[in-house]
Participant: 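Once you've had a glance at the structure underneath, I'll fire off some questions.
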Number of protein chains: 2
Amino acid sequence: MPRVSESHLNARREQILAAARICFLRNGLHSTSMQDLIKEAGLSVGAVYRYFKSKDEIINAISETVAGGLVILLHEIADDESLSLMDALTKVIELIDRQVAPDGAFPMAMQVWAEALIDPKIGEIVRNRYVEMRVPFRKLTERALARGELKPGADPDAVSATLFGIIPGYALQRQLVGFPDKDAYLAGLSALMTH
Amino acid sequence: MPRVSESHLNARREQILAAARICFLRNGLHSTSMQDLIKEAGLSVGAVYRYFKSKDEIINAISETVAGGLVILLHEIADDESLSLMDALTKVIELIDRQVAPDGAFPMAMQVWAEALIDPKIGEIVRNRYVEMRVPFRKLTERALARGELKPGADPDAVSATLFGIIPGYALQRQLVGFPDKDAYLAGLSALMTH
DNA sequence: CTGTCAAGAACGAGCGTTCGTTTTAAACTG
DNA sequence: CAGTTTAAAACGAACGCTCGTTCTTGACAG
């Protein structure tokens, strides 16, 4: 199929990335062979190598996109001024809970994090994503401070970092051991914050 | 060296595991070849395969031991009744901070976690370790409740799970992006808990 | 025709592991 | 306490296989 439309090219690219995600979740980044991935995509070797010039490039592309949707959703929560701090955190936990599933972002994210410690390029991608993700928590913190929902004079940077920690704090436990569920975690959080 | 002492055998085993840890931290679990690991240990192929019958067995052995030291140290903190809840949490964060370094347990733990999602055997090891690690947090929670340092009537399971979340909440940020440092995180934690 | 895209056979490198051989220190012997 | 035996421990060449990638070939829309 020569001189094909641009949307076709993008679709092919996405088809390869979708297959890669499936394989990476099933077998991990490095135990997935190009042949696995190619078979999953239903394409030929040559086709895949037309769109990505190496396996590393595929891993990079996936690392770039793994947290993209999450950032947007976090902003939506942070921008809803009708929510109290605790209500917003509840929505955050509910959001994270949805990511802790084979079709959520979290299992893939864990693969990427492990890789980030090994491959500096992935490390930088992860750092950049983190910076983006902290913004909504900063917003949340500032509003809570202004409303007197937090101890007056508290350092917004420190508090938002600690609030951000709720994400890995909950998700890692939930993903790796199944416990606690979101209601228990929220109950614990509420107990800590309201004494 | 035939009919060699048991301590010699253990030393050899540990020598191999130490080399494996170095390699796994440098290149990851699956990008480390047996030959890398064997070279790092300064042994021959045959020697290594006398002590471990496969690469998987080495990865399993390392997964088993990655959190061992940490559990003991957490218990020491939890057993010190002279500490207030916040003081104990401060010591926990200081402990975790020491694990976020090439010679600490955390970078290896992250590799193991990623593997836990792929390999059910590793998954079970991680789950078992988690159960052990939650015990000191449960102790901490119960004492804090008895002392009135927490909201009366709060569910101890829920609170201890949330407190446990401090570990990944802090460590993951610190490991992957460098920020926040322990003082900032503790300041944020304190601000959340003392309003 | 022409230029783009897809196909898949082929390639060298490196993988995890096996196994026949050599080395070595403890155990046995007188 | 020396000489000999013995079997555990260590060695490393070799194996079959799979890896990521390249490249030649053919198909087809413009």
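In what follows, chains are A, B, ... by sequence order, proteins preceding strands, each numbered from 1. Computed from a prediction, not measured in an experiment: that's the story for all the values here.
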Participant: How many whole angstroms separate atom CG of A:Leu37 from atom P of D:dC19?
Facilitator: 12 Å
Participant: Rounding to a whole Å, what distance do you find between B:His8:NE2 and C:dT24:C1'?
Facilitator: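 In whole Å, C:dT24 C1' lies 11 Å from B:His8 NE2.
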Participant: On DNA chain C, does the nearest nucleotide to B:Lys53 precede the nearest nucleotide to A:Gln35 from the 5' side, or the other way round? Give the residue.
Facilitator: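 The 5'-side residue here is A:Gln35.
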Participant: What is the distance from CG of A:Asn27 to P of D:dC19, rounded to the nearest Å?
Facilitator: 11 Å
Participant: Is it true that B:Leu117 and A:Leu29 fall in one hydrophobic cluster, defined by side-chain heavy atoms closer than 4.5 Å?
Facilitator: yes
Participant: Pairs in or reaching into residues 166-175 of chain A: which pass salt bridge (charged side-chain N to carboxylate O under 4.0 Å, His left out), with residues at least two apart or in two chains?
Facilitator: A:Asp97-A:Arg174
Participant: Carefully, step by step, assess A:Asp87 and A:Ser84 under the rule side-chain hydrogen bond (donor to acceptor under 3.5 Å, both in side chains).
Facilitator: CA-CA 5 Å; A:Asp87 287 345; A:Ser84 70; 3.3 Å; yes
Participant: Is any side-chain nitrogen or oxygen of A:Tyr51 closer than 4.0 Å to OP1 or OP2 of C:dC5?
Facilitator: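 No, because none of the side-chain N or O atoms of A:Tyr51 sits under 4.0 Å from OP1 or OP2 of C:dC5.
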Participant: Cluster question for you: counting only ILVMFWY and a side-chain heavy-atom cut-off of under 4.5 Å, with indirect links fine, are A:Phe106 and B:Trp113 together?
Facilitator: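 Result: yes, single cluster for both.
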Participant: Under 4.5 Å between side-chain heavy atoms, hopping through other hydrophobics if needed: is there a path connecting A:Val135 to A:Val159?
Facilitator: no
Participant: Taking DNA chain C as the partner, which of residues 38-50 of chain A come within under 4.0 angstrom of it by heavy atom?
Facilitator: A:Ser44, A:Val45, A:Gly46, A:Ala47, A:Arg50
Participant: Do A:Ile62 and A:Ile38 share a hydrophobic cluster (ILVMFWY, side-chain heavy atoms under 4.5 Å, transitive)?
Facilitator: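 The answer is yes; both residues are in one hydrophobic cluster.
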Participant: Taking CD in A:Glu124 as the centre, count heavy atoms belonging to other residues, nucleotides or ligands within less than 6.0 Å. Is the count above 12?
Facilitator: no
Participant: Tabulate atom names and distances for all N/O pairs under 3.5 angstrom spanning the protein and nucleotides 12-14 of chain C.
Facilitator:
none

Participant: Check side-chain contact (heavy atoms from CB on, under 4.5 Å) between B:Pro136 and all other residues, then give those that pass, not counting sequence neighbours.
Facilitator: B:Leu74, B:His75, B:Ala78
Participant: Say whether B:Ser63 and B:Asn60, considering side chains only, have a donor N or O and an acceptor N or O under 3.5 Å apart.
Facilitator: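 No donor-acceptor contact under 3.5 Å links the two side chains.
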Participant: Choose from D:dA9, C:dG16, D:dT21 the nucleotide whose nearest atom is closest to any side-chain atom of B:Lys55.
Facilitator: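 The listed nucleotide nearest to B:Lys55's side chain is C:dG16.
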Participant: Mind checking if A:Ser31 touches a base, just sugar-phosphate, or nothing, with heavy atoms under 4.0 Å?
Facilitator: nothing
Participant: Contacts to DNA chain C from residues 59-66 of chain A, heavy-atom cutoff under 4.0 Å, which residues?
Facilitator: none
Participant: Indicate the ring-plane relationship of B:Tyr185 and B:Tyr170, choosing parallel, tilted or perpendicular according to the 30° and 60° boundaries.
Facilitator: tilted
Participant: Between B:Arg13 (CZ) and D:dA10 (P), how many Å, whole number?
Facilitator: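 B:Arg13 atom CZ is separated from D:dA10 atom P by 13 Å.
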Participant: Grab the CZ-C1' distance between B:Phe52 and C:dT17 for me, whole Å please.
Facilitator: 16 Å
Participant: Using whole Å, report how far CE of A:Met34 lies from P of C:dG8.
Facilitator: 16 Å
Participant: Write out all pairs satisfying salt bridge (charged side-chain N to carboxylate O under 4.0 Å, His left out) with one or both partners inside residues 62-80 of chain A, taking only residues at least two apart or from two chains.
Facilitator: A:Glu64-A:Arg129, A:Asp79-A:Lys139
Participant: Given atom CD of A:Gln15 and atom P of C:dC5, what is their separation to the nearest angstrom?
Facilitator: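 It works out to 15 Å between those atoms.
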Participant: Looking at C:dC5, I'd like to know if its phosphate oxygens (OP1 or OP2) sit under 4.0 Å from a side-chain N or O belonging to A:Arg12.
Facilitator: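 No, A:Arg12 has no side-chain N/O under 4.0 Å of OP1/OP2 on C:dC5.
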Participant: Do A:Phe179 and B:Tyr130 have ring centres separated by under 6.0 Å?
Facilitator: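 Not close enough - the centres of the two rings lie 6.0 Å or further apart.
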